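Structure first, then comments.
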2 protein chains.
Amino acid sequence: MKLSTKGRYAVMAMTDLAGHADRRAVSLAEIAERQQLSVAYLEQLFARMRRRGLVVSARGPGGGYRLARPAEETTIAEVVTAVDEPLRATRCGGKDGAIGCMRGGARCLTHDLWEETGRQIQDYLASVSLADVLSGHLRREPAVAA
Amino acid sequence: MKLSTKGRYAVMAMTDLAGHADRRAVSLAEIAERQQLSVAYLEQLFARMRRRGLVVSARGPGGGYRLARPAEETTIAEVVTAVDEPLRATRCGGKDGAIGCMRGGARCLTHDLWEETGRQIQDYLASVSLADVLSGHLRREPAVAA
DNA sequence: AGGAAGACCGAGTAATTTAGTCAACTATGC
DNA sequence: GCATAGTTGACTAAATTACTCGGTCTTCCT
Ligand code: FES
Ligand code: FES
């Protein structure tokens, strides 16, 4: 899994966008101002998110970005994977190129562990939407006693 | 969260150790041989794990390492945090030094999200023991319908 | 006693990744 | 037609990571 600051910034920006998108488009300059980030850097992030279909853009004066889908339907997992590219948790990446730990053809003992870990993170982030973050509604497992 | 290759190597080595420790101590040279890692690198990893009390060492000929506790009681979370040091998921690290995203005194909207994400990963890794990995017994949540 | 096995330690380096910048281009609205 | 704002791609600087090296200290065996 990645979880780099790049992904964090993307989520911050998207949350900001979700919170200030009342009908009109929001310019990167606005977001940069509010979140204390450089416009140039945000451009990079939004370019990727646009390609993934998370946001739509409008050029020219009064232009900017807006969410492609309502905040309730856009998950954190989508945002993170959009900017951080691959979500590889295993070392071999699923390929059996025998580069790393995979020798002879059998996967190493830890392979399944990392794969499952990646799935675990993915599942959690996919269960949280931008709207959840905005409202502070984070799902904490009911904690079945202890 | 970290999840670096360093942590992965540590888990590989520990799993190997757990699988080959029948009474006698296991030397790093053996592990290096089996897992295709350099002895020098393993020394680094085991030094930290020893300080955390995960393994015990014996010097001199016939010496080596062995698990401090049975494989069932040593979790992956312990191994990973031993070699990867801090498990900080948030950008601010909990401190309100106002360095990063924390401005004015209020935590940014995403703060809780990352904190919860970190907890999620931690919880999962803490639920898996070396013995589980060795036996391929990885807990997959029962998946409550869908 | 002495030599070899093997843990122990700290500094140091090389490679990779990440974060962030810049300049030039294109479309749009007034 | 000019200002606004997104689009693109290459480029650099900083940080982190992975990994090595030289040397020391202990213990066992002969
Ligand atoms: S992680 Fe895939 S074979 Fe080791
Ligand atoms: S992550 Fe802690 S304030 Fe933003």
Side-chain angles (χ1 to χ4, degrees), chain A residues 1-13 17 24-33 35-68 80 83-88 91 93 99-101, chain B residues 1-13 17 21 24-33 35-52 54-68 80 83-88 91 93 99-101:
Chain A
M1 183 61 184
K2 280 291 189 160
L3 242 53
S4 61
T5 64
K6 195 157 150 191
R8 280 197 273 265
Y9 284 164
V11 174
M12 285 175 68
L17 179 55
R24 75 193 171 76
V26 179
S27 76
L28 292 185
E30 277 181 72
I31 300 178
E33 165 74 29
Q35 305 294 328
Q36 294 289 87
L37 303 173
S38 85
V39 174
Y41 198 31
L42 282 176
E43 282 173 0
Q44 236 186 59
L45 303 179
F46 275 84
R48 293 184 180 221
M49 293 195 281
R50 189 176 58 85
R51 285 186 208 118
R52 294 289 192 108
L54 296 178
V55 294
V56 293
S57 60
R59 298 212 211 191
Y65 289 91
R66 70 189 70 200
L67 293 177
V80 171
V83 300
D84 269 338
E85 296 286 325
L87 185 59
R88 56 180 171 186
R91 178 156 174 78
I99 313 274
C101 41
Chain B
M1 183 63 183
K2 279 292 184 148
L3 243 52
S4 59
T5 65
K6 195 158 150 189
R8 279 197 273 265
Y9 284 163
V11 174
M12 284 175 69
L17 178 56
R24 72 193 173 77
V26 179
S27 75
L28 292 186
E30 279 180 73
I31 299 178
E33 166 72 31
Q35 305 295 329
Q36 294 288 89
L37 303 174
S38 86
V39 173
Y41 197 31
L42 283 175
E43 281 175 2
Q44 237 186 58
L45 303 179
F46 276 83
R48 294 186 179 222
M49 294 195 282
R50 188 175 58 86
R51 284 184 209 119
R52 295 290 192 107
L54 296 178
V55 294
V56 293
S57 61
R59 297 214 213 190
Y65 289 92
R66 72 189 72 199
L67 292 177
V80 171
V83 300
D84 270 338
E85 297 287 324
L87 185 60
R88 58 180 169 186
R91 178 156 174 76
I99 313 272
C101 41

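Quick caveat: nothing in here was measured; it's all calculated off a predicted structure. Chain letters run A, B, ... following the sequence lines, proteins first and then strands; every chain starts at 1. When reading the values below, keep in mind they use all heavy atoms of this one structure, side chains included, and skip hydrogens, waters and symmetry mates.
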> At their closest point, which heavy atom of A:Ala29 faces which heavy atom of A:Val39, and how far apart are they?
Replying inline: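 Taking A:Ala29 first and A:Val39 second, the nearest heavy atoms are CA-CG2, 4.1 Å.
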
> Which atom names give the shortest non-hydrogen contact between A:Ala25 and A:Glu30, and what distance separates them?
Replying inline: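 Nearest pair, atom of A:Ala25 first, then A:Glu30: O-OE2, 4.5 Å.
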
Can you check whether [X] reaches [Y] side chain to side chain, under 4.5 Å on heavy atoms?
{"X": "B:Phe46", "Y": "B:Ile31", "value": "yes"}
{"X": "B:Arg48", "Y": "B:Arg51", "value": "yes"}
{"X": "A:Val56", "Y": "A:Arg66", "value": "yes"}
{"X": "B:Tyr9", "Y": "B:Lys6", "value": "no"}

> Want to settle it: does B:Val26 or A:Lys6 sit nearer the 5' end of DNA chain C, counting the closest nucleotide to each?
Replying inline: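 Result: B:Val26.
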
> Under 4.0 Å: is that the gap between some side-chain N or O of A:Ser27 and OP1 or OP2 of D:dG6?
Replying inline: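 It does not, given that no N or O in the side chain of A:Ser27 lies less than 4.0 Å from OP1 or OP2 of D:dG6.
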
> Any side-chain N or O of A:Arg50 under 4.0 Å from OP1/OP2 of D:dT8?
Replying inline: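 Indeed, a polar side-chain atom of A:Arg50 lies that close.
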
Roughly, in whole Å, what's the span from [atom1] in [X] to [atom2] in [N]?
{"X": "B:Arg66", "N": "C:dG6", "atom1": "CZ", "atom2": "P", "answer": "14 Å"}
{"X": "A:Leu45", "N": "D:dT7", "atom1": "CG", "atom2": "C1'", "answer": "14 Å"}
{"X": "B:Gln35", "N": "D:dC19", "atom1": "CD", "atom2": "P", "answer": "14 Å"}
{"X": "A:Glu30", "N": "D:dG6", "atom1": "CD", "atom2": "C1'", "answer": "14 Å"}
{"X": "A:Leu28", "N": "C:dG20", "atom1": "CG", "atom2": "C1'", "answer": "15 Å"}
{"X": "A:Arg48", "N": "D:dT7", "atom1": "CZ", "atom2": "P", "answer": "15 Å"}
{"X": "B:Tyr9", "N": "D:dT17", "atom1": "OH", "atom2": "P", "answer": "15 Å"}
{"X": "B:Leu37", "N": "D:dC19", "atom1": "CG", "atom2": "P", "answer": "8 Å"}

> Counting side-chain heavy atoms from C-beta on, which of D:dA18, D:dG6, C:dA7 comes nearest to B:Ser4?
Replying inline: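 Comparing D:dA18, D:dG6, C:dA7 against the side chain of B:Ser4, the answer is D:dA18.
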
> Using a cut-off of 4.0 Å on non-hydrogen atoms, how would the nucleic acid contact of A:Ala29 be classed: base, sugar-phosphate, or nothing?
Replying inline: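 Answer is nothing: A:Ala29 stays at 4.0 Å or more from every strand.
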
>> Under 4.0 Å, counting only non-hydrogen atoms across every strand here, what does B:Tyr65 touch: a base, just sugar-phosphate, or nothing?
In response: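 If one applies the 4.0 Å heavy-atom cut-off, B:Tyr65 turns out to touch the sugar-phosphate alone, with no base involved.
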
>> Go through it in stages, so that I can follow the logic: the residues are B:Arg8 and B:Val11, the test is side-chain contact (heavy atoms from CB on, under 4.5 Å), and I'd like the CA-CA distance, side-chain angles, deciding distance and then a yes or no.
In response: CA-CA 5 Å; B:Arg8 279 197 273 265; B:Val11 174; 5.9 Å; no

> Could you write nucleotides 21-30 of chain C as a row of B, S and -, 5' to 3', where a protein heavy atom under 4.0 Å of any base atom gives B, of only sugar-phosphate atoms gives S, and otherwise -?
Replying inline: B----BSBS-

